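Only a predicted model underlies this, so the values are computations on that prediction, with no experimental measurement involved.
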Amino acid sequence: MPKTPSTAGHRAILIVEDSTDFSNLLKFIVEDDGFTGVQFPLNSDDVVGWAKQHQAAAILMDLALGRKGGMEFIERLKSDPDTSSIPIIIISGRDLPMKEVMQFQTQGIRYLRKGRVEMDEIREAIKDAAGTATGKKK
């Protein structure tokens, strides 16, 4: 079956990941599906600014980001009215208790565990999340 990049257009997926190899893999997956992969520079603290500038359709977020934490970035994104509705997919090697996973789900945040998730599942989660994004131009 042929790919349909026209449905994705050039919508941006913001990748917040400190592993260069995994970030590059996610960028490849995203771009293979017709999106634009934008890798967030971890020397920056302005995740909200990046999400706005690139009009992110979805955000792929690691939780363990060296000196910064993905949880702090998620809180910033969710507290800003311009980025609060952007779907977030956590892809982390950290095992989270079911209570935390359920809390994320109530906020519309999906959690996938690195090493226990197939690439096809990541790909589908991205497509689903980007499809639910408002896509509003500011």
_Within residues 83-95 or reaching into it, pairs that qualify as salt bridge (Lys or Arg N to Asp or Glu O under 4.0 Å) - sequence neighbours excluded_ = Asp95-Arg113, Asp95-Arg116

Sequence-distant partners of [X], salt bridge (charged side-chain N to carboxylate O under 4.0 Å, His left out), two or more places apart:
{"X": "Asp46", "answer": "none"}
{"X": "Glu121", "answer": "Arg110"}
{"X": "Glu75", "answer": "none"}
{"X": "Lys78", "answer": "none"}

A side-chain contact here means heavy atoms from C-beta on lying under 4.5 Å apart; do [X] and [Y] qualify?
{"X": "Thr20", "Y": "Gln39", "result": "no"}
{"X": "Lys52", "Y": "Asp80", "result": "yes"}
{"X": "Met61", "Y": "Ile109", "result": "no"}

*With sequence neighbours left out, write down each residue that passes side chain to side chain contact (heavy atoms under 4.5 Å, CB included) with Ser84, or none if nothing qualifies.*
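Ser84 satisfies side chain to side chain contact (heavy atoms under 4.5 Å, CB included) with no residue once adjacent residues are dropped.
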
*Sequence neighbours left out, what passes side chain to side chain contact (heavy atoms under 4.5 Å, CB included) with Pro41? Give chain and number order.*
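Side chain to side chain contact (heavy atoms under 4.5 Å, CB included) check on Pro41 returns Asn43, Ser44, Trp50.
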
Please identify each residue that fulfils side-chain hydrogen bond (donor to acceptor under 3.5 Å, both in side chains) with [X], with sequence neighbours left out.
{"X": "Thr83", "value": "none"}
{"X": "Gln105", "value": "none"}
{"X": "Glu72", "value": "Arg76"}

*Which pairs pass ring pair (Phe, Tyr, Trp, His ring centres under 6.0 Å) with one or both residues in residues 105-129, sequence neighbours excluded?*
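Sorted pair list comes back empty.
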
To the nearest 0.5 angstrom, please state how far the [atom1] atom of [X] sits from the [atom2] atom of [Y].
{"X": "Met98", "Y": "Leu96", "atom1": "CE", "atom2": "CG", "answer": "10.0 Å"}
{"X": "Ile126", "Y": "Leu26", "atom1": "CD1", "atom2": "CG", "answer": "6.0 Å"}
{"X": "Leu77", "Y": "Leu14", "atom1": "CG", "atom2": "CG", "answer": "8.0 Å"}
{"X": "Ile29", "Y": "Ile13", "atom1": "CD1", "atom2": "CD1", "answer": "12.0 Å"}

Give me the atom names and distance for the closest heavy-atom approach of [X] to [Y].
{"X": "Gly93", "Y": "Asp62", "result": "N-OD1, 4.5 Å"}
{"X": "Ala58", "Y": "Ile86", "result": "CA-CG2, 3.8 Å"}
{"X": "Ile91", "Y": "Ile122", "result": "CD1-CG2, 4.0 Å"}
{"X": "Glu17", "Y": "Ser23", "result": "CG-N, 3.7 Å"}
{"X": "Leu63", "Y": "Ser92", "result": "CB-OG, 3.7 Å"}
{"X": "Ala51", "Y": "Ile59", "result": "CB-CD1, 4.2 Å"}

*More than 12 heavy atoms of other residues, nucleotides or ligands under 6.0 Å from CE of Met119: is that the case?*
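Yes.
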
*asked:* Is there a side chain to side chain contact (heavy atoms under 4.5 Å, CB included) between Arg123 and Asp32? Walk through the geometry before answering.
replied: CA-CA 10 Å; Arg123 179 173 259 135; Asp32 192 47; 3.0 Å; yes

*Who passes ring-ring contact (aromatic ring centres under 6.0 Å, His included) against Phe73, sequence neighbours left out?*
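Once residues adjacent in sequence are excluded, the partners of Phe73 under the ring-ring contact (aromatic ring centres under 6.0 Å, His included) criterion are Phe40.
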
